[in-house]
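What follows is one structure encoded as structure tokens, with my remarks underneath.
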Amino acid sequence: MADLATTPVATQIQPPPPIGQTLNTTLSPLSSILGIQQQRQQLATQTAQAQQAQQQNSELQALAAFTRNAAQDPTYRNDDGSLNTEKFQAGAMAVAPTYGQQYIGQATSNATSVIQNRQALLALTNQQRATVGQIFGKVAANPNATPQDFQNATDEARAISDDPRWQQGIDRMLFGHPDTRQMSDAQASQSVRMFARGIAVEANAPNAELSAPTSNRFVTPGGD
């Protein structure tokens, strides 16, 4: 009887795949799921941040408008003409309840400055006010105005008279001038133009309205 050809049993048994390959096969779908979850979390975070930024911008714009209007509103002043700080700050926080707290001090200072500017101008004669308006109106109307231009205008205004009343009026008008040292050239230009324009408008300068600065002089987030 002829011997039957036999195949060794060991050659028929296939070894299991390497452990690493098994884990990779198992973990691949799990990694995809985790990746999708991370993307969703990142999207949710970005959406929340965008909403917060939008709310902050909206509140700061409202705070700027309130500051500007309250500074002109006699109902926000004390009997001596100064700013009623308590009433002003209550109104400011009402329009910017979430993000206004960190800017309330600056807003109060700005409103006070506007009132003091007006009082200083009213203390001058009509001719003096017209002169101040013309000097600072030139800065306001200059689209390339720099802080140095504003300083030159200040020096020009001071040189008109050594009358203590005149000098005091100039000092009070400059009390709220913004610090432009940390600003870009464009921001500094807009800031000094807006401040100069405020002085010129208060003095009824004929060329004050020629300026069209777009930045806001009343609130500066982050010193922006």
Side-chain angles (χ1 to χ4, degrees), residues 61 63-74 76-77 80-83 85 88 103 105-220 223-224:
Q61 287 183 355
L63 179 58
F66 171 80
T67 302
R68 181 170 56 250
N69 294 332
Q72 306 292 338
D73 188 345
Y76 284 94
R77 299 180 196 172
D80 63 357
S82 62
L83 180 69
T85 303
F88 172 84
Y103 300 110
Q106 183 62 53
T108 303
S109 176
N110 288 335
T112 299
S113 175
V114 172
I115 291 174
Q116 289 178 335
N117 289 350
R118 177 183 290 273
Q119 291 174 332
L121 283 167
L122 292 176
L124 302 176
T125 66
N126 290 336
Q127 183 177 358
Q128 288 173 326
R129 286 199 296 271
T131 301
V132 169
Q134 291 171 1
I135 292 173
F136 288 98
K138 292 177 182 178
V139 178
N142 179 4
N144 299 312
T146 66
Q148 186 58 53
D149 291 328
F150 188 90
Q151 183 60 54
N152 293 342
T154 302
D155 293 341
E156 182 181 353
R158 289 189 185 282
I160 292 175
S161 173
D162 58 3
D163 183 341
R165 181 177 172 182
W166 171 264
Q167 296 294 328
Q168 183 183 40
I170 299 300
D171 288 340
R172 293 185 67 180
M173 285 186 292
L174 301 179
F175 178 77
H177 185 269
D179 185 354
T180 60
R181 290 174 295 182
Q182 302 301 320
M183 298 181 184
S184 67
D185 290 345
Q187 291 174 329
S189 179
Q190 292 284 8
S191 182
V192 299
R193 288 182 65 206
M194 183 64 78
F195 193 79
R197 182 178 183 275
I199 295 175
V201 169
E202 290 292 343
N204 297 318
N207 61 339
E209 299 299 335
L210 296 178
S211 63
T214 57
S215 69
N216 198 302
R217 81 181 256 221
F218 293 96
V219 174
T220 312
D224 129 329

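If you're wondering where the values come from, they're calculated on a predicted model, not measured in any experiment. Heads up: numbering here begins at 1 and tracks the sequence.
- Ile135 and Ala153 get closest at one heavy-atom pair: CG2-O, 3.4 Å.
- With sequence neighbours left out, the side chain to side chain donor-acceptor pair (under 3.5 Å) criterion links Ser82 to Asn78, Asp80.
- Here the closest non-hydrogen pair linking Ala200 and Gly133 is CB-O, 3.7 Å.
- A side-chain donor-acceptor contact under 3.5 Å links Arg77 to the backbone of Ala71.
- For Gln72, the side chain to side chain contact (heavy atoms under 4.5 Å, CB included) partners at least two apart in sequence or on another chain are Val114, Arg118, Glu202.
- Between the side chain of Ser109 and the main chain of Gly105, no donor-acceptor pair closer than 3.5 Å is present.
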When you look at Val192 and Asp149, which way does the side chain to side chain contact (heavy atoms under 4.5 Å, CB included) test go after all the steps? CA-CA 9 Å; Val192 299; Asp149 291 328; over 6 Å; no
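- The minimum heavy-atom distance between Ala145 and Arg193, with the atom names listed, is CB-CG, 3.6 Å.
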Assess the residue pair Phe136 and Phe195 against the criterion (ring-ring contact (aromatic ring centres under 6.0 Å, His included)); give the C-alpha distance rounded to whole Å, side-chain angles, the decisive distance to 0.1 Å, and a yes or no. CA-CA 9 Å; Phe136 288 98; Phe195 193 79; 8.2 Å; no
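- Asn69 meets the side chain to side chain donor-acceptor pair (under 3.5 Å) test with no other residue; sequence neighbours excluded.
- Between Leu63 atom CG and Gln61 atom CD the span is 11.0 Å, to the nearest 0.5 Å.
- Checked by atom type and distance alone, the side chain of Gln106 never pairs as donor or acceptor with a backbone atom of Tyr103 at under 3.5 Å.
- A pairwise comparison of heavy atoms in Ala111 and Leu83 identifies CB-CD2, 3.9 Å as the closest pair.
- Note that CD of Gln182 and CD of Gln187 are 11.0 Å apart. Values are rounded to the nearest 0.5 Å.
- Applying the side chain to side chain contact (heavy atoms under 4.5 Å, CB included) rule to Asp185 yields no partners; only residues at least two apart in sequence or on another chain are considered.
- In terms of heavy-atom proximity, Arg158 sits nearest to Gln167 at O-NE2, 2.9 Å.
- Qualifying side chain to side chain contact (heavy atoms under 4.5 Å, CB included) partners for Gln151, counting only residues two or more places apart in sequence or in other chains: Gln148, Thr154, Asp155.
- Within the model, atoms CZ of Phe88 and CD1 of Ile115 stand 8.5 Å from one another, a figure rounded to the nearest 0.5 Å.
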